[in-house]
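Worth knowing before you read on, the calculation uses all heavy atoms, side chains too, and leaves out hydrogens, waters and symmetry mates.
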Amino acid sequence: MTLRLFKYLAKEVLVSTAGVTLILLLVIISGRFSSYLGRITEGKMTFEFLFVILGYHIPSFIQMILPLAFFLSILLAFGRLYIENEMSVLFSSGISKIKVATYTLGIASIVSLTSATLNFWLAPLSEYKAAEAAQEQNQLSAFDLLLPGRFEGRGQQTSYIDSFTPEEGWMNQIFLSDVTGKKGKRVPVQTFAAYAEQIRIPSENNQNYLVFKNGTRYEGKPGTANYRITQFDTYAVRMETKDQSAIDEPYTQSTINLIQSSRLADKVELQWRISLVIMIPILAVIGLSLSQVNPRQGRFFKMLPAIILMIFYIALLIWGRTGLDKSKLPIQLGLWWIHGVFMVIAAILFMQYNQLFERRKAKQSKIGEGE
């Protein structure tokens, strides 16, 4: 009976958690997808990179979604059990509310273990891979991101290619408009060419050159004395390269490195990862305590105050993290005091849920009557 009941409650909560997580994940991904599509149309990233970067960010999305999804799932699943009087049957069968709380914490331990795997291992690893992919993307030149038949850029800094020849690696019918500085003045330059290709020279630190073939270069403003027209067979332009920086953001570091680090930012990140795991059993007790509703009230009667309490919890953690990052809060105090406050709230709500206060009043009244 005990194991069967635990499996039943776990199925109700975990299936609901998976569903809510999937829905919230799709909402976040759709928002990011739209943002990345905008960058693609502006020529700032390739279409293939969009799916790579989204895939790497999914564990980080889930690590933030999971506590929220689990809390909402407890409210929905247990609220349904109260509405359909299944909880009343359990209590009349000798199952106490403390026993139900024990089962709930058992389910919370499963979710906490999943959250710990995400927070301490998978999400940092994925974010590190995402940073590596972003650096590789930054090394691409503007011509690597060009789409045939479209003007890219704005104003006097515009590029256009008519088509690619994949076999030879040529770009056909090139137009390049740019502005150069000469003697403190901005001079417009336009280059037309029949063909162009990119050449990387390893002996020059992998320096990229754009080599134009059979074209014309216009420099300056028409009608001025400095206006020049140059026809060429071959014309090479050195492409600007970006130096690769070290990937040392705290959210990309492994948990082992954070533990060994003495940097403030790393200590804050470590506390944040631990907080996302600690809050799950606390939210489980709060959710269980607020899920009890009268069938006449409906399962959503206590949903709003419960969600407000959860939002306040998360908002306090974010505020605390910001305060730690800016050294406005001592690192020794950290985020632990916030969890302590909500542990007290969870304990009070559970005692009220378990009718401890009512039983104590009834016991005192019986003692008074006996006297």
Do you know the tightest heavy-atom contact between [X] and [Y]?
X	Y	answer
Leu75	Ala306	CD1-CB, 3.6 Å
Val20	Leu72	CG1-CD1, 4.3 Å
Ser289	Val285	OG-O, 2.8 Å
Ser327	Leu264	OG-CD2, 3.3 Å
Ser73	Ala69	OG-O, 2.7 Å
Ala77	Val13	CB-CG2, 4.1 Å

Check whether [X] reaches the backbone of [Y] with its side chain - one donor and one acceptor, N or O, closer than 3.5 Å.
X	Y	answer
Thr102	Ile98	yes
Ser16	Glu12	no
Ser126	Leu122	yes
Ser109	Gly106	yes
Lys129	Tyr56	no
Gln63	Thr117	no
Ser275	Gln271	yes
Ser261	Arg263	yes
Ser291	Leu288	yes

Could you state whether [X] and [Y] fall into the same hydrophobic cluster, counting links through intermediate Ile, Leu, Val, Met, Phe, Trp or Tyr residues with side-chain heavy atoms under 4.5 angstrom apart?
X	Y	result
Leu26	Leu50	no
Phe312	Ile318	yes
Val341	Trp336	yes
Ile28	Phe33	yes
Leu14	Tyr103	yes

Within-4.5 Å side-chain heavy-atom neighbours: Tyr353 and Leu290
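Of all side-chain heavy-atom pairs linking Leu290 with Tyr353, none is under 4.5 Å.
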Sub-4.5 Å side-chain heavy-atom contact between Asp233 and Asn214
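The answer is yes, as the side chains (C-beta and beyond) meet within the 4.5 Å cut-off.
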[atom1]-[atom2] distance between [X] and [Y], expressed to the nearest 0.5 angstrom:
X	Y	atom1	atom2	answer
Leu283	Leu309	CG	CG	8.0 Å
Thr255	Glu269	OG1	CD	8.5 Å
Tyr251	Trp272	OH	CH2	15.0 Å
Tyr82	Phe91	OH	CZ	3.5 Å
Met279	Ser112	CE	OG	10.5 Å
Ile174	Phe192	CD1	CZ	11.5 Å

Identified side-chain contact (heavy atoms from CB on, under 4.5 Å) partner of Val100 from the options Leu5, Leu105, Leu81, Ile95:
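By the side-chain contact (heavy atoms from CB on, under 4.5 Å) criterion, Val100 pairs with just one of Leu5, Leu105, Leu81, Ile95: Ile95.
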Which residue is it: Thr17, Leu9, Thr104? I am looking for the one with a side-chain contact (heavy atoms from CB on, under 4.5 Å) to Ile74.
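Passing option: Thr104.
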Is there a side-chain contact (heavy atoms from CB on, under 4.5 Å) between His339 and Tyr313? Walk through the geometry before answering.
CA-CA 8 Å; His339 297 299; Tyr313 191 0; 2.6 Å; yes
